[in-house]
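Following: one structure in structure tokens, then a few remarks.
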Amino acid sequence: MNIDTDTIRRLRDGLVQSGADTGDANSRSEVSPAHQQAAVERFAPFAETMYLMMLVDGDAASIELDAIRGALQILTDGVLDETSLNDLFRHCAREVEKFGVEGRLQFVGARLSADRVDRETAFSLAAAVAIADNKIEDTENALMGSIAEWYGISGKRCKEILQHI
């Protein structure tokens with residue numbers, strides 16, 4: 001699967017820039033803990049999908065983390081502060097340690113399966129994280145295939161997404 005497309009590179013660039021600028025987003029007025037918790041629950045599947053992509057090549061590059069932070073800042077309109085983001089990452093790490101990558105993909109895929117837009121968004125964000133460090137490892141390509149499978153995205157639709165999100 002060719003995930004290194006102009007479309008995914010543009011997405012990656014936007015996410016990395018937003019992730020590098022998280023200090024600006026965290027200067028927003030106080031957000032209630034309930035609002036933050038709702039955002040965590042809503043966007044945890046996206047975070048975990050991206051987190052798994054970051055881990056799969058064995059090298060969690062800081063630029064990949066910037067891309068994930070940027071995606072979550074955009075998705076939540078900056079609701080998640082640094083503490084919430086770090087808590088979310090720790091949760092992802094514990095879950096993958098307990099259940100493994102495929103186990104977590106199965107769980108997240110089941111959670112996203114009812115909403116085509118959510119499945120495709122998670123897939124696109126994972127692709128952007130995969131190319132964040134400007135190299136695509138075989139393990140990342142394989143994980144993209146697993147994401148497509150567990151999230152119910154056909155090969156034809158994968159190609160369309162990668163070219164035209």
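What's counted below: heavy atoms across the whole structure, side chains too, no hydrogens, waters or symmetry copies.
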Just do the salt bridge (charged side-chain N to carboxylate O under 4.0 Å, His left out) check on R94 and E97 with the steps written out, would you? CA-CA 5 Å; R94 283 190 306 269; E97 188 175 307; over 6 Å; no

Start with the C-alpha distance between T49 and I147, add both sets of side-chain angles, then the distance that settles side-chain contact (heavy atoms from CB on, under 4.5 Å), and finish with yes or no. CA-CA 8 Å; T49 302; I147 290 169; 3.9 Å; yes

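When all heavy atoms of S124 and I8 are compared, the closest pair comes out as O-CD1, 4.2 Å. Scanning both residues, M53 and A126, for their nearest heavy atoms gives CG-O, 3.4 Å. The nearest pair of heavy atoms linking L15 to A67 is CB-O, 3.6 Å. Of all non-hydrogen atoms in L72 and L85, the two that sit nearest each other are CD1-CD2, 3.6 Å.
Under a 4.0 Å N-O distance rule, the pair E82/R69 qualifies as a salt bridge. Classification of R90 and D87 as a salt-bridged pair holds, one side-chain N sitting under 4.0 Å from a carboxylate O. Under the 4.0 Å criterion applied to side-chain N and carboxylate O atoms, E160 and R157 are assigned as salt-bridge partners.
Heavy-atom neighbours of N134 CG from other residues, nucleotides or ligands within 6.0 Å: above the threshold of 12.
Legend: salt bridge (Lys or Arg N to Asp or Glu O under 4.0 Å) pairs involving residues 35-59, not counting sequence neighbours, sorted by first then second residue: R42-D118, E48-R104.
Contact check for R116 versus I153: no side-chain heavy atoms found under the 4.5 Å cut-off. With contacts defined as side-chain heavy-atom distances shorter than 4.5 Å, the pair C158/F123 qualifies. Side-chain atoms of M50 and M54, non-hydrogen and from C-beta on, never get closer than 4.5 Å to each other. In this structure the side chain of W150 never reaches within 4.5 angstrom of the side chain of V108, judged on heavy atoms. At a threshold of 4.5 Å between non-hydrogen side-chain atoms, the residues N2 and L162 do not count as touching. Within the 4.5 Å cutoff, the side chain of L55 has no heavy atoms near those of the V101 side chain. Residues T5 and H164 fail the side-chain proximity criterion, which asks for heavy atoms closer than 4.5 Å. For the pair L105 and L143, the minimum side-chain heavy-atom distance is below 4.5 Å.
Separation of atoms CE (M144) and CG (N141) is listed at 8.0 Å; rounding is to 0.5 Å. Rounded to the nearest 0.5 angstrom, K159 NZ and I161 CD1 are separated by 12.5 Å. With rounding to the nearest 0.5 angstrom, the CD1 atom of I74 is 13.0 Å from the CZ atom of F46.
Apart from F99 itself, the hydrophobic cluster it occupies contains nothing, where clustering links Ile, Leu, Val, Met, Phe, Trp and Tyr at side-chain heavy-atom distances under 4.5 Å.
A donor-acceptor pair is defined here as one N or O able to donate and one able to accept, closer than 3.5 Å; such a pair exists between the side chain of E140 and the backbone of E137. Checking side-chain atoms of S18 against main-chain N and O of G70 turns up no donor-acceptor pair under 3.5 Å. For the pair Q73 (side chain) and L80 (backbone), a donor-acceptor distance under 3.5 Å is present.
Residues I3 and V16 fall into different hydrophobic clusters, defined by Ile, Leu, Val, Met, Phe, Trp and Tyr side chains chained together at heavy-atom separations under 4.5 Å. In the hydrophobic clustering of this structure, L11 does not group with I63; members are Ile, Leu, Val, Met, Phe, Trp, Tyr whose side-chain heavy atoms approach within less than 4.5 Å, directly or through other members.
Listed by chain and number, the residues in a side chain to side chain donor-acceptor pair (under 3.5 Å) with Y51 amount to none (sequence neighbours excluded).
In summary, of the residues considered (R12, R10, K135, R9), a salt bridge (charged side-chain N to carboxylate O under 4.0 Å, His left out) with D4 occurs for R9 alone.
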